[in-house]
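Okay, so here's the structure we're looking at.
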Amino acid sequence: MSTPKPYTYVTAVLRNGEIRLDVAFSTPEIGVLAAVTDNKRPFLDLATPEAQVSVSTTGGGPVTEQDVTLAREIFNAAARYLTDCERLHAEQAAGPTLPGLDEIPA
């Protein structure tokens, strides 16, 4: 079995005059940055050497209630992602078990 290699997958689809971009980061080489610009606009960046995704306020303007709601959704999704990564990492570190192995007397 081969070891999975990191990758960034970017696609652009033009359908009926509409463009859709998809970015999949499957690499630990992701830079994450959250900051506020000089004109008081918060932003969140996810970037690899191959691609970058930025999230900021509606129209690049003042923070709206919808922007705050989106920021909460991003925060909650990131917390779930962290929890899942920690759980799966711990399960993988424990190694495979054989059925019935825990029932064998010491």
Side-chain angles (χ1 to χ4, degrees):
M1 182 174 170
S2 66
T3 303
K5 303 230 185 289
Y7 65 90
T8 298
Y9 188 73
V10 180
T11 59
V13 177
L14 176 62
R15 182 178 296 146
N16 299 325
E18 297 288 323
I19 296 174
R20 175 179 170 91
L21 295 175
D22 293 322
V23 179
F25 296 122
S26 296
T27 175
E29 299 175 12
I30 300 175
V32 179
L33 172 66
V36 177
T37 65
D38 290 340
N39 63 352
K40 309 253 189 266
R41 185 172 51 88
F43 66 92
L44 172 67
D45 278 349
L46 301 173
T48 68
E50 300 85 10
Q52 177 178 339
V53 174
S54 296
V55 178
S56 188
T57 55
T58 303
V63 178
T64 66
E65 186 61 36
Q66 292 88 354
D67 296 324
V68 173
T69 298
L70 175 60
R72 284 191 188 112
E73 290 174 5
I74 292 169
F75 176 84
N76 290 331
R80 285 191 305 274
Y81 178 69
L82 172 61
T83 299
D84 289 340
C85 285
E86 289 174 337
R87 176 181 52 82
L88 293 169
H89 182 70
E91 288 174 7
Q92 294 162 356
T97 60
L98 297 174
L101 186 61
D102 293 331
E103 291 83 30
I104 297 175

- In the hydrophobic clustering (ILVMFWY, side-chain contacts below 4.5 Å, transitive), which residues join V53, or is it alone?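 Under the 4.5 Å side-chain rule, V53 groups with V10, V23, F25, I30, V32, L44, L46, V55, L70, I74.
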- Message: For the CD atom of E65 and the OG1 atom of T69, what is their distance to the nearest 0.5 Å?
- Response: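 The distance works out to 5.0 Å.
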- Going through the distances and angles, do F43 and L33 end up as a side-chain contact (heavy atoms from CB on, under 4.5 Å)? CA-CA 8 Å; F43 66 92; L33 172 66; 3.9 Å; yes
Determine the minimum heavy-atom distance between [X] and [Y], stating which atoms define it.
X	Y	result
A12	L21	CB-CD2, 3.4 Å
R41	G60	CD-O, 3.1 Å
S56	P42	OG-O, 2.8 Å

- Check whether any side-chain heavy atom of S26 sits under 4.5 Å from a side-chain heavy atom of Y7, and report yes or no. yes
- Query: Going by distance alone, is a donor N or O of one side chain under 3.5 Å from an acceptor N or O of the other, for T57 and D67?
  - Reply: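 There is no such pair between these side chains.
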- Step through the shown structure and confirm whether more than 12 heavy atoms of other residues, nucleotides or ligands are within 6.0 Å of CZ on R87. yes
- Give the intermediate values and the outcome of side-chain hydrogen bond (donor to acceptor under 3.5 Å, both in side chains) for residues T48 and T27. CA-CA 8 Å; T48 68; T27 175; over 6 Å; no
